[in-house]
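Read through the structure below, which is laid out as structure tokens, and then see the notes.
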2 protein chains.
Amino acid sequence: MNIGEAASASGVTAKMIRHYESIGLIAEAGRTGSGYRTYGPKDLATLSFIRRARDLGFSIAQIRDLLALWQDRDRASADVKRIAAGHIKELTAKMRQLQEMVMTLQHLSSHCQGNDRPDCPILERLASGTGDDGGACCE
Amino acid sequence: MNIGEAASASGVTAKMIRHYESIGLIAEAGRTGSGYRTYGPKDLATLSFIRRARDLGFSIAQIRDLLALWQDRDRASADVKRIAAGHIKELTAKMRQLQEMVMTLQHLSSHCQGNDRPDCPILERLASGTGDDGGACCE
DNA sequence: GCTTGACCTTGACATCATGGGAAGGTGCAC
DNA sequence: GTGCACCTTCCCATGATGTCAAGGTCAAGC
């Protein structure tokens, strides 16, 4: 199986497969006589694993650990769960940050007339940091 | 005012101030005879503006537009509001993605015993993509 | 055999915002 | 006149991915 086929079968681009190989996330692929990389079912499974993990937002470092656990028959599921828990925590923290930004922006935006006049609470807030701070006020 | 003072007063690192200058986000700072950058109150205000905008998650490109509007006395608040609305949309989309990841992970995690045994629905899901898909099942 | 087109190879560079560090010049206080 | 904190420029790194370029390979058709 060529890298192109492995890419479309796993959903990981050929570029990224080479990249993952270069950083040691996956083992070096076998080669044909002319230098083409070859992939078997096992490699495909690994690539698909990586892709699903990326889809869940795991970092390469985390995936490295997950792969090691996956390939360790004597793993403890607690180790996997711990990685997942840490990741959930990170994601939740990011979400909360975004949430705060959105709330502030929505609040400012709701007080911006959005017309031809120049006065705008959004700019005022960016300019001075004072003024409306997003707290409850009128709803 | 030196770059260091401007940095601590505005909350933008000296490193980033130089960077913003190099990419043309801010005007070139004045210089002393020996080449040190100097900053006045106006520059400080701009830097603080940038920092607050970054805190709200605006990209450099968006900040470039916001700065232009801020410095345009004939601006229409509608233009500002449009930028903010676009940004809110982006942030909301990201939040939703994270939300989905978190929900999937929490679901998988809740079914992982987290003990010394190797069986783990998280790894199974990453390995096969099949099995528990996060749908309602027991609660 | 030869051409064509799709695929592969490596390598370099871009993104986005930021941090780190090296090597050398400047300012000020003791 | 020395020491230290600060400044300067320049280069490299992050993380995950994309793009592009120059060249090699394979298989099919003529």
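Because the structure is a prediction, the values reported are computed rather than measured. In what follows, chains are A, B, ... by sequence order, proteins preceding strands, each numbered from 1.
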Exercise for the section: Flag the pair A:Lys94 / A:Glu90 as yes when at least one side-chain heavy-atom distance between them is below 4.5 Å, and no otherwise. Expected result: no
Handout entry: Side-chain touch A:Tyr36/A:Asn2, heavy atoms, less than 4.5 angstrom
Key = yes
Handout entry: Student check: side-chain heavy atoms of B:His107 and B:Met103 closer than 4.5 Å
Key = no
Exercise for the section: With sequence neighbours left out, write down each residue that passes side-chain contact (heavy atoms from CB on, under 4.5 Å) with A:Glu100, or none if nothing qualifies. Expected result: none
Fill in the blank from the handout: Expected list for residues 39-60 of chain B near DNA chain C, using heavy atoms below 4.0 Å, is B:Arg54, B:Ser59, B:Ile60
For residues 16-23 of chain B, which side-chain N or O atoms pair as donor and acceptor with protein atoms under 3.5 Å away, sequence neighbours left out?
{"from": "B:Glu21", "atom 1": "OE1", "to": "B:Ala29", "atom 2": "N", "distance (Å)": "3.4"}
{"from": "B:Glu21", "atom 1": "OE1", "to": "B:Arg37", "atom 2": "NE", "distance (Å)": "3.0"}
{"from": "B:Ser22", "atom 1": "OG", "to": "B:His19", "atom 2": "O", "distance (Å)": "2.8"}

Problem - Heavy-atom check, side chain of B:Ile50 versus side chain of B:Ile60, under 4.5 Å - result: no
Problem - Phosphate OP1/OP2 of C:dT18: any B:Thr13 side-chain N/O under 4.0 Å - result: no
Practice task
Just jot down the side-chain contact (heavy atoms from CB on, under 4.5 Å) partners of A:Thr38, sequence neighbours excluded, or say none.
Solution key: A:Thr32
Completion exercise
When the rotation axes relating C1' atoms of four end pairs to the next four are compared across the helix from C:dG1-D:dC30 to C:dC30-D:dG1, five pairs an end, they differ to 10° by 30°
Fill in the blank from the handout: With a 4.0 Å cut-off (strictly under) to non-hydrogen atoms of chain A, the first and last hit nts on DNA chain D, 5' to 3', are D:dA16 to D:dC26
Fill in the blank from the handout: By nearest-nucleotide position on DNA chain C, the 5'-leaning member of A:Ile3 and B:Ala61 is A:Ile3
Practice task
Check whether any side-chain nitrogen or oxygen of A:Arg37 sits under 4.0 Å from OP1 or OP2 of C:dT10, and answer yes or no.
Solution key: yes
Handout entry: Partner set under side-chain contact (heavy atoms from CB on, under 4.5 Å) for B:Asp43, not counting sequence neighbours
Key = B:Tyr39
Exercise for the section: Check side-chain hydrogen bond (donor to acceptor under 3.5 Å, both in side chains) between B:Arg51 and all other residues, then give those that pass, not counting sequence neighbours. Expected result: B:Asp55
Exercise for the section: Only pairs at least two apart or in different chains count here, so list each ring-ring contact (aromatic ring centres under 6.0 Å, His included) that has a residue in residues 65-101 of chain A. Expected result: A:Phe49-A:Trp70, A:Phe58-A:His87
Handout entry: A:Glu28 atom CD, over 12 foreign heavy atoms within 6.0 Å
Key = no
Handout entry: Minimum side-chain heavy-atom gap B:Leu98-B:Met95 below 4.5 Å
Key = no
Fill in the blank from the handout: Within residues 15-30 of chain B, the residues having a heavy atom closer than 4.0 Å to DNA chain C are B:Lys15, B:Met16, B:His19, B:Tyr20
Under 3.5 Å, sequence neighbours excluded: what are the donor-acceptor pairs made by side chains of residues 112-123 of chain B?
{"from": "B:Asn115", "atom 1": "OD1", "to": "A:Ser77", "atom 2": "OG", "distance (Å)": "3.2"}
{"from": "B:Asn115", "atom 1": "OD1", "to": "B:Arg117", "atom 2": "N", "distance (Å)": "2.9"}
{"from": "B:Arg117", "atom 1": "NH2", "to": "B:Asp119", "atom 2": "OD1", "distance (Å)": "3.3"}

Problem - Close side-chain approach of A:Ile88 and A:Thr92, heavy atoms under 4.5 Å - result: yes
Handout entry: Residues from residues 83-94 of chain A lying under 4.0 Å of DNA chain C - heavy atoms
Key = none
Problem - Atom-to-atom span, OH of B:Tyr36 to C1' of C:dT26 - whole angstrom - result: 3 Å
Exercise for the section: For residues B:Asp72 and B:Asp79, determine if any side-chain heavy atom of one lies less than 4.5 Å from a side-chain heavy atom of the other. Expected result: no
